[in-house]
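To start, the structure itself, in structure tokens.
In this text the structure is predicted, and so the values were computed from the model without any measurement. Hydrogens, waters and symmetry mates play no part in the numbers below; they use all other heavy atoms, side chains included. Start at 1 with the first residue, then count along the sequence.
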Amino acid sequence: MSDRWQYLLVLAACLAITAPLEAFGPGVYRQWRRLTRAVLPVAAVFLIWDEFAVAARVWSYSPTYISGLIIPFRVPIEEVLFFLVIPVCGLLTYNAVSTILGKVHRR
């Protein structure tokens with residue numbers, strides 16, 4: 001396997017591992033408008049931050065570990081997906097833990 005798929009594979013694994021957590025509570029994917037409002041503004045800020053860091057040569061991405069698909073702001077698609085996938089995984093985890101703890105405390 002080529003190293004250039006590692007970043008994408010890690011993101012896919014994060015989604016696969018947390019996807020079953022959707023079954024707990026009101027869900028995250030089932031509330032897609034709320035999810036969009038929570039994730040997109042923050043992702044946009046961090047993507048702009050990344051663009052400035054790359055332009056200033058403070059930050060870079062190893063071509064060894066990325067697919068090579070770059071969005072117009074010189075940020076790899078993997079980084080864009082990172083700012084979407086990881087918060088979604090975090091929200092799935094938070095939602096599941098909150099639901100489980102809520103049920104435990106009601107007993």
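Under a hydrophobic clustering in which Ile, Leu, Val, Met, Phe, Trp and Tyr are joined whenever their side-chain heavy atoms come within less than 4.5 Å, directly or via other members, Ile66 and Val10 fall into different clusters. Hydrophobic clustering, with ILVMFWY side chains joined whenever heavy atoms are under 4.5 angstrom apart, groups Tyr61 together with Ile71. Following chains of ILVMFWY side-chain contacts shorter than 4.5 Å, one cannot reach Tyr65 starting from Val54, and the two form parts of different hydrophobic clusters. Grouping the Ile, Leu, Val, Met, Phe, Trp and Tyr side chains by contacts below 4.5 angstrom, directly or via other members, places Leu69 with Val80. No continuous path of hydrophobic side-chain contacts links Ile17 to Tyr94 [ILVMFWY only; heavy atoms under 4.5 Å].
Residues in residues 14-41 take part in these salt bridge (Lys or Arg N to Asp or Glu O under 4.0 Å) pairs, two or more places apart or across chains: Glu22-Arg30.
Aromatic ring orientation, Phe46 versus Trp49: parallel (interplanar angle below 30°, classes split at 30° and 60°). By the 30° and 60° cut-offs, the orientation of the rings of Tyr7 relative to Phe82 is perpendicular.
Between the Glu78 side chain and the Ser67 main chain, a donor and an acceptor come within less than 3.5 Å of each other.
For the atom pair OG (Ser62) and CZ (Arg4), the distance works out to 13.0 Å, reported to the nearest 0.5 Å. Distance check: Asn95 CG to Thr18 OG1 gives 11.5 Å after rounding to the nearest 0.5 Å. Atom OG1 of residue Thr93 and atom CG of residue Leu21 lie 5.0 Å apart, to the nearest 0.5 angstrom. Of the inter-residue distances, the one linking Glu51 atom CD with Ile48 atom CD1 reads 9.5 Å to the nearest 0.5 angstrom.
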task = Mind running side chain to side chain contact (heavy atoms under 4.5 Å, CB included) on Phe83 and Asp50 for me, showing each step along the way?
result = CA-CA 11 Å; Phe83 291 127; Asp50 266 15; 3.5 Å; yes

message = Could you walk me through whether Tyr29 and Val88 satisfy the side chain to side chain contact (heavy atoms under 4.5 Å, CB included) test, starting with their C-alpha distance in whole Å, then the side-chain angles of each, then the deciding distance to 0.1 Å, before giving a yes or no?
response = CA-CA 9 Å; Tyr29 295 126; Val88 168; 3.5 Å; yes

Side chain to side chain contact (heavy atoms under 4.5 Å, CB included) evaluation trace for Leu8 with Leu81 = CA-CA 8 Å; Leu8 287 173; Leu81 293 173; 3.7 Å; yes

task = Begin from the C-alpha positions of Ile70 and Val75 and carry the test side chain to side chain contact (heavy atoms under 4.5 Å, CB included) through to its verdict.
result = CA-CA 5 Å; Ile70 307 294; Val75 176; 5.7 Å; no

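A pairwise comparison of heavy atoms in Leu11 and Val85 identifies O-CG1, 3.7 Å as the closest pair. Smallest separation of non-hydrogen atoms from Cys14 and Cys89: O-SG, 3.4 Å. Shortest non-hydrogen contact noted between Pro26 and Thr99 is CD-OG1, 4.2 Å.
No option in Leu92, Leu35, Val39, Val28 other than Val39 meets the side-chain contact (heavy atoms from CB on, under 4.5 Å) test with Pro87.
The salt bridge (charged side-chain N to carboxylate O under 4.0 Å, His left out) search around Glu79 returns none, not counting sequence neighbours.
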